[in-house]
Amino acid sequence: MDKFASLPQGYDIRLENQRGYVGTLETKGQDHYVALDSPDPRFGRFVTIARQDLNGAPLGMKVVVELTAVVSEEEAHGKIVEVLGDPGKGDVAITGIIRSYLLREAFPPAVLAEVESLPPDPDPADLETEIAQGRLDLRDQHTYTIDGLDARDLDDAIAVERLGSGYRLWVHIADVSHYVRPQTELDKEAFKRANSVYLVDRVLPMLPPKLSNGLCSLNPRHDRLCLSCRIDYNAEGQVIAGQLAKTVIQSKVRSSYEELREIFAGQEPEGLPDWFLESVSLARELSALLSARRTCRGALVFDFPETKVVLDAEGQVADIYGEKQDEANQIIESFMIAANEYVAAFCDEYRLPAIYRVHEDPPGEKMDLVLQYAEDLGLGIHIPRDIQPKNLQQLLSKIKTEPYGLTLSEMLLRALAKARYDTEDLGHFGLASQQYCHFTAPIRRYADLVVHRAVKAELEGKSPGKRPKNLKLVAAHISEMERVSIDAERDSDDQKIVEYYADKLGETYQGEISGFSNSSFFVQLPNTVEGSVLYASMDSGYIQFYPDRLLAQNRDTGEYYQLGDQVKIQIARVDLERRFLDFKLLQHEETPLHGGGGKAGHRHGGRRKQKYGPHRAGKQTGRRKKSRNQHKLRGKGRKKK
């Protein structure tokens, strides 16, 4: 990282790979040690604890360790600083995840003291003052929110109107910057957290609930301060005009994706006003137009489900299923993307000190492997070396109905660069967008709050002009915190998944092969849960993995194992502490060899001469990357863009 001025006092940044140490206290002879849930690359999984550093911790308990010395690549010493409890209990496991990622739970007293003085709703006199100073009064507008049923932080509302033969879209975003001012304790804490974290059984919000669920949440029939984006479209969905403004709104309806699905299915819920149904119909039309225009320019659409873990009142898993985005979700996503692009263009035009959402061109090696495999399949699609989003979009469309389509789509997603934040507007490859930022979720993302402050300063004629030297540090910090949050959310899902299967040892399921490593292949069940079949656990034969073709072969029988093959498996092992799930193969339905046959290890086609040899040993080729453990389950984050 370049050297930039340090941040103001109290704005601590998160260092890359910074972590906490959590594991189970065990003993061997006279020696005590903690077996960490996740190994450390410097010394491995075990931390030696001297007797005087046990601090009364009982054996077999999950504990938090503070390192005192790293002696060698195989030895580290530490002391126990917290006992979390029985590692077999789900709430203890989730607390362990929170500690291992150094996530922040309770808000400091100084932050709560600042929030305590805020009212539950804006003071009417203050609203009139704001309006007198130029804030638009849009409280009579037909405005509504659409979110999941369980959402509490409603940071966006919309209004859609007919404009001649076209449309007028309003995207209203909570004016968090009105309440979270720079240099306050509240702002310092929001910066440290950088985003809300949506664990499987709880939310760790960026802002205290009084703000996130109350004063800044666009709850129905409550006046709220907003920063609003108005975009006018012609009948073809082209932008013809727009405006950014400080506003006062009042959401009239709190709708949900579930309710929209009923409306689209012709089952209109009772009690909804006619204007709402008319507006939703317009929103549906406009969203379809915007989606078609994004597709035309090459935006990528990955049509695979997200793992949804549903808990009951006691915190036990009630259901696990794959949840796909449907038209109801896509309406809001389309409008949020439109607002983010409009605001990014505004920030570019006025050279504002903003932070942009950047998704760069895909890196070479990972993408080379995926595209070589796609070529071996004989799909008949030419992918140039200078890859454009349109090329990958064509590939996704081609494989959509193939048995390996879902897995190859996930491989393609993982081969793309990771989105991040930057002070330069470098564009968004996945959306095929030249200008993009995050503007629509300041309740739960600090990046959006930075953008709001820059935009408001320009609207108020107070633009700071020169870009602050520390803005690059801010972008790096919130990028790192986003990665931390994604990992923690995934681990919390995985924890509940292994708890769900812990009492299902021996049960059988159908699935399909979804990836490979040198020691196992991976099987995805219909509910999207993924586990491994170790080659060593298979009944007979020597299994050879060919990374350049993404398949394995039993060298004794000649049988091939390929992406998309249907298998029957049995739950063989569940490791609750490290969140492992291993399967035993019972039956395999071999499909015709992808690419037209040939000797194992021979690569058909020849798009590139790059070789993929032994240096790939141990990598989870063709599978969602697991951050630490080779056979870890997959799990994904939540919330819309």
Can you list everything that forms a ring pair (Phe, Tyr, Trp, His ring centres under 6.0 Å) with [X]? Sequence neighbours excluded, please.
| X | result |
| --- | --- |
| H32 | none |
| Y421 | H438 |
| Y509 | Y501 |
| Y542 | none |

Taking all atoms of both residues into account, what is the closest heavy-atom pair of [X] and [Y], and its distance?
| X | Y | value |
| --- | --- | --- |
| M206 | A190 | CG-O, 3.6 Å |
| H477 | F191 | NE2-O, 2.7 Å |
| G90 | E499 | CA-OE2, 3.1 Å |

Other residues, nucleotides, ligands: >12 heavy atoms within 6.0 Å of K89 NZ: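 12 or below, so no.
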
Looking only at the side chains, is there a donor atom on one of [X] and [Y] sitting less than 3.5 Å from an acceptor on the other?
| X | Y | result |
| --- | --- | --- |
| D147 | T145 | no |
| S532 | S520 | no |
| Y446 | D187 | yes |

Pair Y257, D326 - check side chain to side chain donor-acceptor pair (under 3.5 Å), show working. CA-CA 9 Å; Y257 301 124; D326 58 15; over 6 Å; no

Identify, with sequence neighbours excluded, every residue that meets side chain to side chain donor-acceptor pair (under 3.5 Å) alongside E577.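 Counting only residues at least two positions away or on another chain, E577 forms a side chain to side chain donor-acceptor pair (under 3.5 Å) with T24.
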
By side chain to side chain donor-acceptor pair (under 3.5 Å), which residues pair with D539, not counting sequence neighbours? K584

Might you work through the side chain to side chain donor-acceptor pair (under 3.5 Å) test for N17 and R483, ending with a clear yes or no? CA-CA 10 Å; N17 298 322; R483 289 189 289 270; over 6 Å; no

Using a 3.5 Å distance criterion without hydrogens, assess whether the side chain of D565 forms a donor-acceptor pair with backbone atoms of I513. no

With sequence neighbours left out, write down each residue that passes side chain to side chain contact (heavy atoms under 4.5 Å, CB included) with [X], or none if nothing qualifies.
| X | value |
| --- | --- |
| Y500 | V317, I320, K504 |
| K210 | V115 |
| S117 | none |
| L505 | I571, V574 |

Indicate the ring-plane relationship of F545 and F516, choosing parallel, tilted or perpendicular according to the 30° and 60° boundaries.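 Rings of F545 and F516: parallel, as their planes differ by under 30°.
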
Mind checking salt bridge (charged side-chain N to carboxylate O under 4.0 Å, His left out) for R420 and listing every partner two or more places apart, or none if nothing turns up?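 If we apply the salt bridge (charged side-chain N to carboxylate O under 4.0 Å, His left out) test to R420, skipping adjacent residues, the hits are E360, D422.
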
With sequence neighbours excluded, what pairs up with R45 under the salt bridge (charged side-chain N to carboxylate O under 4.0 Å, His left out) test? none

